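This one's a predicted model, so the numbers in the text were calculated from it and none came from an experiment. Chain A is the first sequence line, chain B the second, and so forth, proteins listed ahead of strands; every chain is numbered from 1. In what follows, every heavy atom counts, from backbone to side chain, and hydrogens, waters and symmetry copies are set aside.
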There are 2 protein chains.
Amino acid sequence: MKRHFVTIKDIARELKISVATVSRALRDTYDVNQETRQLVLRKAEEMNYKPNFNATGLVKNSSHNIGIILPTITNYYFSTVVTGIQEVAYQRGYNIVLYITNDSAEREKDILNDLSLGNIDGLLVSVSSQPGQNDHFEQIIADGIPIVFFDRVAPDIKASKIMQDDYQGAYEAVEHLIGQGYKKIAHIAGPSGLLFTERRMEGFMAAMKEHRLPVKDEWIIHSGFSMDFGRRDTLQLLQCKTRPDAIFAVNDRKAVGAMLALKQQHINIGRQMGIIGFTNDPMCEIISPTLTTVEEPALEVGRKSCEFLLNHINKKNFPPQELTLPTKLIVRESTRRK
Amino acid sequence: MKRHFVTIKDIARELKISVATVSRALRDTYDVNQETRQLVLRKAEEMNYKPNFNATGLVKNSSHNIGIILPTITNYYFSTVVTGIQEVAYQRGYNIVLYITNDSAEREKDILNDLSLGNIDGLLVSVSSQPGQNDHFEQIIADGIPIVFFDRVAPDIKASKIMQDDYQGAYEAVEHLIGQGYKKIAHIAGPSGLLFTERRMEGFMAAMKEHRLPVKDEWIIHSGFSMDFGRRDTLQLLQCKTRPDAIFAVNDRKAVGAMLALKQQHINIGRQMGIIGFTNDPMCEIISPTLTTVEEPALEVGRKSCEFLLNHINKKNFPPQELTLPTKLIVRESTRRK
DNA sequence: AAAGCCTTCGATAACGTTCTCGCTAATATA
DNA sequence: TATATTAGCGAGAACGTTATCGAAGGCTTT
């Protein structure tokens, strides 16, 4: 029943050298003869040696675990990001440990408190959209645990941040709408206080200004990210004194909510009201008419975030960096005027 | 920079007792006076002591990690299951380690080989749908690592298995179709060799037989789980000598694929052809007409799987069990004859 | 008063690895 | 030839915890 694993002791005994030499041979080439090194490597392979993380962790004070804190994994974007993270973590021999906040700032704080920091080498975080102080993150960084933020980044913290080009993506989205002949463009946005929400807003504003189109205050609504908020925001837009003729939604879920509301009101999507989303969730192709959107490089965001974090963990003095990945406009039926 | 954690040594020094006593006090009440025990517990609380998993793991030969092997997490069912698993794992102080196979039997095998077994206390598995031997799982179980299978279980392995009631769910789905007046019912199934695929097939057959409805061979198609397979299967069904008037799809994705194909062929969904799926993916309510389906208790499957696995890990001689959770029919527009 | 039994605790050895020393032998420098 | 330097390696401590063994002290029983 009880298994026994091959240890460096076994290798040392077989080769009649000391464990120290085996240890060195398996890691650096420092202070060890190339020949003995080869000998050890071959023997290790032959005996199917696998390092014991508990032992290395105990002396190195590390765990080979990286934590991911995010609002949810049951949507396309986040589950894809996690897939990307998993890909590189797996390659580099790290485990990922998932913490799901359900988009609650309080739960986020609880997790951070419970978190036995000794059990985590680094943290990948996408913050909750609920307003809240972010000083608990600062605390953790001060404790020496590196954090990389992705997508939903905390604006005022000095740490690496990976995002898609929200400004540019929004700009192109709105420009596309304008090119299709829409003029009165509304924006149903996410909660304020989130960096990417603001960037998309700025991209929207810039495009409108560039084409000298007016933006009414009533055309801009901040609310949550869910489909239902999209629906509600849209119904509200329909009450405007000057009714918009197109909607730029902060994400696909809200765009879909908007479409559902419009269908219910028998407003023709495309002709009477153009809709564009953000993300490129598979549901864009399921809904009818199909939804024009801005594709986000979710997989790549995941991969890069993880790579950055591992750099922070393994290289001393890897400075915090921000990385912005490009987006891509995908035109479908919901913005076809016809 | 370098943090220092509170250890049982520190507690021992403060209390002027030995580490052995502290260790005992923190775990069992065995061989330790209630008073000293209380003293230790209070001190530990006060000093904010957190056990070092590397140290316990080293002596106990465990890791507090449980592995999850599954085809993908970018769909509603699996991401929800993972959420459920995470919930109970988190509660019980276990980390979860994700391995994604992309539904490839080969990658599954690779992962199992790479898997440093010393680094995993147990495994939660949903097998790939590609045909392949499952003896590598047997090997791992023989090595003393418990496995719990969920959803896509390997039929011939002696281990705990958590599933939804696929037979009953399918039975009710088909009975619903029959109740709506459909008589020529086709089944676009998953790949054969998977237990739940077979169970749904059996439920389908039983309902048809019960109501004395004939089942043509050409009405049954085995293929993959993706939307695109659903589309292709449906186009094939439309070529049948006797065209079916309803389709029971093995999951929602295939059902949606079927709907897309039907829409493309201008066949009215509901009136000319009823459609029912399985899972209750959120997209059921997005597509038009909305999709009737059988809801799976994904979250509960995740929770229970994890609970079972932790039992296997922590209790000696916890026998392998099978658990079947109930499903629920959800009627929407795609089966409304009107 | 001796013998036996609990109860409670401490000393110490593991667990597998890395790190710090210091030693030897070989080579380079003076 | 004498002295530094260096490459290569081993001994042993350390990391935080649990397990084993036995000791001390108190109690009961004879």
Nearest-Å distance, [atom1] ([X]) to [atom2] ([N])?
X	N	atom1	atom2	result
B/E35	C/dC9	CD	C1'	14 Å
B/N61	C/dT17	CG	C1'	14 Å
B/L58	D/dG16	CG	P	12 Å
B/D10	D/dT17	CG	C1'	13 Å
B/F5	D/dT17	CZ	P	11 Å
B/R13	C/dG10	CZ	P	15 Å
B/L15	C/dT8	CG	P	17 Å
B/N54	C/dT18	CG	C1'	13 Å

* Asked: Which is true for B/S23 with a 4.0 Å heavy-atom rule: it touches a base, it touches only sugar-phosphate, or it touches nothing?
  ->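 Base, at least one base atom sits under 4.0 Å.
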* **Nearest listed nucleotide, side chain of A/K9, among C/dC15, D/dT18, C/dT18** =>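 The closest nucleotide is C/dC15.
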* Without hydrogens or angle criteria, can the side chains of A/Q164 and A/Y77 be said to hold a donor-acceptor pair below 3.5 Å? ->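 The criterion, which ignores hydrogens and geometry beyond distance, is satisfied for A/Y77 and A/Q164.
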* **Nucleotide-resolved protein contact map, nucleotides 8-13 of chain D, B/S/- at heavy-atom distance under 4.0 Å** => BBBB--
Could you pull out every donor-acceptor pair under 3.5 Å between side chains of residues 19-26 of chain A and any protein atom, sequence neighbours left out?
from: A/T21; atom 1: OG1; to: A/S18; atom 2: OG; distance (Å): 3.3
from: A/S23; atom 1: OG; to: A/R27; atom 2: NE; distance (Å): 3.2
from: A/S23; atom 1: OG; to: A/R27; atom 2: NH2; distance (Å): 2.7

* Heavy-atom donor-acceptor pair, A/D121 side chain to A/S62 backbone, under 3.5 Å ->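 Checking the backbone N and O of A/S62 against the side chain of A/D121, no donor-acceptor pair under 3.5 Å is found.
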* To do: Take B/Q91 and B/E87 through the test side chain to side chain contact (heavy atoms under 4.5 Å, CB included) and record every step on the way to the result.
  => CA-CA 6 Å; B/Q91 252 181 343; B/E87 212 179 285; 6.0 Å; no
* Any Lys/Arg nitrogen of A/K43 or A/D10 sitting under 4.0 Å from an Asp/Glu carboxylate oxygen of the other? ->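 Looking at A/K43 and A/D10, the cut-off is not met.
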* **Closest non-hydrogen atom pair between A/A159 and A/I141, with its separation** =>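 Here A/A159 and A/I141 meet closest at CB-CD1, 4.1 Å.
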